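Below: the structure, in structure tokens.
Owing to the predicted nature of the structure, the values given are computational and were not obtained by experimental measurement. In what follows, every heavy atom counts, from backbone to side chain, and hydrogens, waters and symmetry copies are set aside.
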Amino acid sequence: MVSGEEVSAEFKRFGNRLVVEHLVGANFGNMSVKTEDDGFLITRTGSYLDDPGELVYAPMSGEVSKTASSEWRVHRAVYQNTRHHAIVHAHPPYAVAASLMLDEVVPLDSEGKMFCPIIPIAHGEPGTQELAEDIAECLALSPLCIARGHGTFAAGKTIEEGYLFTSLGEHACRVLSLTRSFQG
């Protein structure tokens, strides 16, 4: 079993990468990891991902602390309906822009085609059960989805996997944007 200190260090390490690579800004985004006691640890509402501070425990049912990220419903729904053990939610600008213009993202780059050939677009307002349910459905079929106008939700076995899919999705959306600009 991984200690709380190891989990905090992992959150800080990948939170820093998300900030440095401009995949999140200011105190946007959140991360979580499933625990062995039927719950999950999630970043605090308003925390900076490169310095997340103390994580908040959230149970799989019942009340969740008001200090937990406002997207705790998404994380709970994903853990209840998929096999994922970690989630990264970021606000990469090209992915957000693509979600406003497309119904799904079909990567053109080789890595995107190989690891995430279709990136679904989820619907619902941030922090709502509607968004939570749609993202859980998307992440049951794909390791990455984009909430329309809001940002990416990437899931996997670890925070590192979630970060990698976040980066892959932003790269795929950036390549799509650039290829369209070359078309004239």
Side-chain angles (χ1 to χ4, degrees), residues 7-33 40-53 55 68-72 74-75 78 84-102 104-127 131-132 134-136 138-139 142-181:
V7 170
S8 291
E10 183 179 31
F11 274 48
K12 188 169 183 167
R13 178 176 165 221
F14 289 104
N16 188 58
R17 292 198 70 162
L18 290 164
V19 170
V20 167
E21 295 173 26
H22 305 287
L23 299 172
V24 295
N27 60 348
F28 305 152
N30 45 70
M31 296 183 283
S32 74
V33 64
F40 56 98
L41 292 171
I42 189 166
T43 49
R44 297 175 93 62
T45 188
S47 67
Y48 295 90
L49 294 189
D50 58 345
D51 189 17
L55 303 175
S69 167
S70 61
E71 292 295 0
W72 64 264
V74 170
H75 295 253
V78 170
H84 298 302
H85 290 273
I87 301 167
V88 172
H89 167 48
H91 295 238
Y94 283 86
V96 171
S99 76
L100 294 168
M101 304 305 294
L102 304 170
E104 64 183 16
V105 173
V106 180
L108 299 175
D109 62 295
S110 59
E111 291 80 9
K113 285 180 177 181
M114 187 181 322
F115 295 109
C116 206
I118 295 176
I119 304 170
I121 308 297
H123 299 86
E125 291 299 314
L131 181 63
D134 203 16
I135 288 174
C138 291
L139 292 181
S142 173
L144 174 68
C145 72
I146 308 169
R148 187 173 303 280
H150 182 49
T152 56
F153 284 85
K157 294 178 189 135
T158 63
I159 291 292
E160 181 175 12
E161 267 190 27
Y163 156 76
L164 289 170
F165 281 111
T166 301
S167 182
L168 177 140
E170 178 68 350
H171 179 77
C173 291
R174 190 176 294 145
V175 168
L176 277 172
S177 176
L178 290 170
T179 57
R180 288 180 178 178
S181 71

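- Every residue two or more places apart in sequence or in another chain that forms a salt bridge (Lys or Arg N to Asp or Glu O under 4.0 Å) with R174 is listed here: E170.
- The line from CD1 of I159 to CG of L164 is 11.5 Å long, rounded to the nearest 0.5 Å.
- Counting heavy atoms from C-beta outward, K12 and D51 have side chains that approach closer than 4.5 Å.
- If you take OG1 on T152 and CG on L23, they are separated by 7.5 Å, rounding to the nearest 0.5 Å.
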Full working for side-chain contact (heavy atoms from CB on, under 4.5 Å) between N30 and H75: CA-CA 10 Å; N30 45 70; H75 295 253; 2.6 Å; yes

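- The environment of NE2 in H22 is sparse: at most 12 heavy-atom neighbours from other residues, nucleotides or ligands sit within 6.0 Å.
- Listed by chain and residue number, H89, H91 satisfy the ring-ring contact (aromatic ring centres under 6.0 Å, His included) test with H150 (two or more places apart in sequence, or in another chain).
- Under a 3.5 Å cut-off, the side chain of H84 and the backbone N or O of L139 do form a donor-acceptor pair.
- Without hydrogens or angle criteria, E104 side chain to I121 main chain gives no donor-acceptor distance under 3.5 Å.
- No side-chain heavy atom of E71 sits under 4.5 Å from any side-chain heavy atom of I87.
- Put simply, the side chain of V78 does not reach to within 4.5 Å of the side chain of S32, judged on heavy atoms.
- With hydrogens and angles ignored, the 3.5 Å screen pairs a side-chain donor or acceptor of T43 with a backbone N or O of M31.
- Contact check for P107 versus L176: no side-chain heavy atoms found under the 4.5 Å cut-off.
- Remark: side-chain polar atoms of S69 are not paired, donor with acceptor, to backbone N or O of W72 under 3.5 angstrom.
- In this structure, N27 contributes its side chain and Y48 its backbone to no donor-acceptor pair below 3.5 Å.
- When all heavy atoms of C173 and I146 are compared, the closest pair comes out as SG-CD1, 4.2 Å.
- When atom types are taken as modelled, the side chain of S142 and the backbone of L144 share a donor-acceptor pair closer than 3.5 angstrom.
- Considering CG of D109 and CG of L178, their distance stands at 11.0 Å, rounded to 0.5 Å.
- The distance from atom CZ of F115 to atom CG of L168, rounded to the nearest 0.5 Å, is 7.5 Å.
- To the nearest 0.5 Å, atoms OG (S8) and CG (L41) are separated by 8.0 Å.
- To the nearest 0.5 Å, atom CZ of residue F153 and atom OG1 of residue T166 are 10.0 Å apart.
- T179 contributes a side-chain N or O that, together with a main-chain N or O of V175, makes up a donor-acceptor pair within less than 3.5 Å.
- Side-chain contact check for Y163 and E21: at least one donor-acceptor pair (N or O, by modelled atom type) lies under 3.5 Å.
- Listed here is the closest heavy atom pair of L131 and P126: CD2-CA, 3.8 Å.
- Taking 4.5 Å as the limit, some side-chain heavy atom of V33 sits within range of a side-chain heavy atom of F11.
- A side-chain donor-acceptor contact under 3.5 Å links R148 to the backbone of S99.
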